[in-house]
Amino acid sequence: MVLCFSCSANGRLTWILALLLMMTRVHGQPTSGFISLDCGYRNNTPYNDSSIEGIQYQSDAGFVEGGLTHQISSVFMADAASESETTLRSFPDGSRNCYTLPSTPGKKFLVRAMFTYGDYDGLNRSMDGSLFLFGLHIGVNFWDTVNLTNWDPSIIVWKEVLTVAPGDSVSVCLVNFGSGTPFVSSLELRPLLDAMYPFVNTSVSVGQFGRFRFGNVTDFITRYPVDPYDRFWAASSFPYNTYPWTNVDTSKQVEILPGDDYFNVPMAIFQKATTLDTNYSIMSLDMAKGQNLDPESVRLLPIFHFAEISDNNPNRSFDIYNANDLLHRGFSPSRLQANSLYDSGQFLYNGDAIYTLNKTRSSILPPLINALEVYSLVWMENFTTEPEDVSYMKEVKKNYNLARTNWNGDPCSPREYSWEGLTCDYSKRNQNPRIVAVDLSTSGLKGGLVITFMNMASLENLDLSHNNLTGPIPDYQIKSLKVLDLSYNQLDGPIPNSILQRSQAGLLDLRLEGNPVCSKVKDTYCSNNKKKTTSTMAIAVIVPVVLVSLLVVMCILWKLCWKGKSGDSENYAMYEEETPLHIDIRRFTYAELKHITNDFHSIVGKGGFGTVYHGTMENGDEVAVKVLMETSIVESTDFLPEVQTLSKVHHKNLVTLQGYCQNKKCLALVYDFMHRGNLQQLLREGDDYSLNWEQRLHIALDSAQGLEYLHESCTPSIVHRDVKTANILLDKNLVGIIADFGLSRAFNDAHTHISTVAAGTLGYLDPEYHATFQLTIKTDVYSFGIVLLEIITGKPPILMDPHTYHLPNWVRQKIAKGSIQDIVDKRLLDQNDPSSLQGVVDLAMKCVESAAIDRPSMTEVVSRLKVLLPTTLSEKQYASASSTKSMNDEMRRQFHLLISGEGNDESSSSSRMTELIPLSGR
Ligand SMILES: *[C@@H]1O[C@H](CO)[C@@H](O)[C@H](O)[C@H]1NC(C)=O
Ligand SMILES: *[C@@H]1O[C@H](CO)[C@@H](O)[C@H](O)[C@H]1NC(C)=O
Ligand SMILES: *[C@@H]1O[C@H](CO)[C@@H](O)[C@H](O)[C@H]1NC(C)=O
Ligand SMILES: *[C@@H]1O[C@H](CO)[C@@H](O)[C@H](O)[C@H]1NC(C)=O
Ligand SMILES: *[C@@H]1O[C@H](CO)[C@@H](O)[C@H](O)[C@H]1NC(C)=O
Ligand SMILES: *[C@@H]1O[C@H](CO)[C@@H](O)[C@H](O)[C@H]1NC(C)=O
Ligand SMILES: *[C@@H]1O[C@H](CO)[C@@H](O)[C@H](O)[C@H]1NC(C)=O
């Protein structure tokens, strides 16, 4: 029997509720970082809304430029849910109007906008039968549509988005679609922790599609202060707390594992749940019965929150389906412990948003759920204008007091809302658009000529003709300017040499006719050379216009064609083609990298692929920024797919890729920073410090496990291709972590047509490779054998003294002549246990067998090394040896490890968390 549970979802990417906001009253902490704007509120003193404890609203006046303030109709005033809903700001002018909310670059925020029409204009617009809708942008990207068609004017609509601030502000824009005047009643910004909602990054934001809590909940909305992040959790229970739905609650503590800070769901929410009468077995949660959901384009990510709160030791397990697709099999909520299930970054193509929890055969109890969040993908594909250009344009705007209605939001992006009079260059893919021409002719400009324009590094054409500019022409350091039209102003000179020279050299087309300065000088730039002017201007204008129109027409045709044969899969394909690959890690801009690395100040390494710099992220995390040398790879189609693959590889012995940067200016990878450098450095260091035998064996095991994972757990297998001691990094606790995997592939494949660059490093290279040029996982095993020999001997792979020897040959000779102790690193002296030493030497020699077929697999290497480790297994080895443990054991262990403070730096615990996500898309 299928029960249908439906929540009133209305509106494409969100759902809208028909009741007043009744807030839970609990005393909370101060609301640090909250910005709460009561739009249209005219008083300058902030106030505390009586219905929401602890939140202080202020007027929106300082955050937006245009718009008119209104009050909702007196008919609805008395019933208004909160004071902030009684006023609003409408935007009859301009196609886009933006709010600018201050923020911190790279920080994660929840942004919420609320809309209560309340018939403020007396036009009964939401009920007159015509379409009433407008758009919302978050920054320069489309966020959602607010559809108030046939909408009860007293009802609040809200939209939420979780986003990463691209700069020192977040902008929210209202976009006029020609179907009614956009307005907004309140706007709220709430900081989140960086670790929260890990799938949200600079290129992916998510819109709230639904957020519910279950159980017998009396407040219609649970928000601040119960939820310190002021998320709205809607009670799903009230229409459904009838048979066979049953509610359970507990007053016992529900434990949230330390380190599990992805969602920080309040404990109060975990303490209530909904389940079914035991005669039932299927719980169906249907969220999308709204009329204007667009199932073709919406892509959803559900997050299920569970905690077993029934008494005793209940036997409960269930499968979770998205429509007919199994998301998770046999899930069993842990008793009094919070479990949040989500599929990392895998947005599902199911606009129907029906999730089914189906009791498994062995389960005694029916399914249970505590809370559910569903988010829709908001793809941040469009780039903001180069920040420098933006700030210069803002200076210009301020200086000349320009109140152009369309000069609102980002100057160039998205293209159709770019500022009137600007020409932007969008030609460089994956880069911020830049301003190349500014036309402010006949704009009533008064006063001096501002130098700001000349600082714009890509500006080529500046037209300030037919204004009332006065005074001298400043001594500009012209950068890229080719046309400077200052004709018909009140400029009276002098003309600085810097400009004259460029003009005389033919580098600058200067026009000054119609200025007092021309009464003194008679030069070509003062003559009325209209003909030349108009013709070059015409070309300058017509060519881009024609090109742009052609592009627009082509885009429209292309879109129409696609629409014509739109099926789910094709739409999906179009989506993928239109945009770069969906990569779930942060994408950095060059400016961000520059900032993070303090202008590439400190080099921590140089490798085959480039230079590695030390960096510090906004949140203080240290990173290693590897700037790749090869620029031709930008053109290569291999780089991004490779990054995508690497971003999905998570293992505690593999370095975690945090982000990347790819554009003309920069090609870089950002990794976790490893404090102890690499194994090569440590082995070659002087006598004062050296790794002991046990530490060396642990590092060998760690790296073997990393390689085993690449070979055996990734499909297709990833061949590292460049295993060497310099690529084995060490974290604070001397855990070995493999770096640089996968990269070689993108690099070499990109170049096969140019040269046959040998993969790998001299001394580590599989002899069979020389013969066959075939790279296999056994190539890595060979290189690993060399690493083992280095670990034992402390010697480099190629010895120069007195003759040149390859390390394996040197070892063979020494052993043949004398004893095994002769090859051992002198610094190890008597630490090594002879049987373990013999075993490791044997293993290393097996790995460097010249025929690949004679070498062991990495799995065999791992199990051999485990046996060879000294017998007292510490907690650390236990932790590293048990990647196959079940999720619960893993969680418990993590808990244990964190409490005992055992070797867990932040990076390794976060990568372990990723491994735990049961619904991983891999
Ligand atoms: C409003 O609330 C804030 C805390 O959010 C508090 O500091 C302030 O005193 C309150 N103001 C009034 C007038 O109650
Ligand atoms: C708004 O229009 C609807 C439908 O035409 C009508 O039923 C309703 O009475 C109108 N409300 C007002 C306040 O005029
Ligand atoms: C990005 O910009 C293009 C061109 O202006 C626009 O058509 C598109 O809708 C924008 N994408 C988003 C996600 O806003
Ligand atoms: C829900 O809880 C309230 C008290 O919080 C109680 O009065 C009410 O009876 C409960 N309803 C159900 C259906 O359990
Ligand atoms: C807006 O809502 C109306 C009625 O609720 C619906 O007919 C219309 O298709 C919706 N429009 C969009 C663009 O969602
Ligand atoms: C639920 O699980 C049972 C087996 O346990 C299976 O027969 C049934 O088809 C499943 N129902 C759904 C809707 O997946
Ligand atoms: C310049 O200012 C004068 C008055 O100061 C005014 O009459 C004239 O129209 C202005 N010219 C332009 C082009 O704005």
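Both counts, for ligands and for their atoms, begin at 1 and track the order of listing.
- Ring pair Tyr417/His137: centre-to-centre distance below 6.0 Å.
- Within the 4.0 Å heavy-atom criterion, the part of Glu381 lying near ligand 3 is the side chain and not the backbone.
- Shortest contact from atom 13 (C) of ligand 2 to any protein heavy atom: Asp119 OD2, 4.3 Å.
- The protein heavy atom nearest to atom 5 (O) of ligand 2 is Met127 O, 3.7 Å.
- Judged by distance alone, the side chains of Glu373 and Tyr197 do bring a donor and an acceptor atom under 3.5 Å apart.
- Surrounding NE2 of His595 are at most 12 heavy atoms belonging to other residues, nucleotides or ligands under 6.0 Å away.
- Taking 4.5 Å as the limit, every side-chain heavy atom of Asp425 sits out of range of all side-chain heavy atoms of Pro433.
- Checked by atom type, the side-chain pair Ser130/Arg125 shows a donor-acceptor distance below 3.5 Å.
- Looking at ligand 5, you'll find an N or O of Asn147 within less than 3.5 Å of one of its N or O atoms.
- If you look at Asn141 next to ligand 3, the close heavy atoms, those under 4.0 Å, come from the backbone and the side chain alike.
- In this structure, atom 2 (O) of ligand 2 is in close contact with the protein, since a protein heavy atom lies within 4.0 Å of it.
- Closer than 4.0 Å to atom 9 (O) of ligand 2 lies none of the heavy atoms of the protein.
- Side chains of Tyr99 and Asp60: a donor-acceptor N/O pair is present below 3.5 angstrom, by distance only.
- A cation-pi arrangement is present between Arg415 and Tyr426 under the rule of less than 6.0 angstrom and at most 45 degrees off the ring axis.
- Close approach to Pro414 involves these atoms of ligand 3, each under 4.0 Å from a residue heavy atom: 2 (O), 5 (O).
- For ligand 3, the polar-atom distance check against Arg415 finds a nitrogen or oxygen pair separated by under 3.5 Å.
- Between Phe134 and Phe91, the distance separating the two ring centers is not shorter than 6.0 angstrom.
- Among protein heavy atoms, atom 6 (C) of ligand 2 sits closest to Asn124 ND2, 4.0 Å.
- For ligand 3, the atoms lying closer than 4.0 Å to a non-hydrogen atom of Glu416 are 4 (C), 5 (O), 6 (C), 7 (O).
- Within ligand 5, counting atoms from 1 as listed, the ones closer than 4.0 Å to a heavy atom of Leu133 are 11 (N), 12 (C), 13 (C).
- Looking at Phe142 next to ligand 3, an N or O pair under 3.5 Å apart turns up.
- Shown in contact with Trp379 at under 4.0 Å from a heavy atom are these atoms of ligand 3, numbered in order with element: 13 (C).
- The distance between the ring centers of Tyr392 and Phe453 does not fall below 6.0 angstrom.
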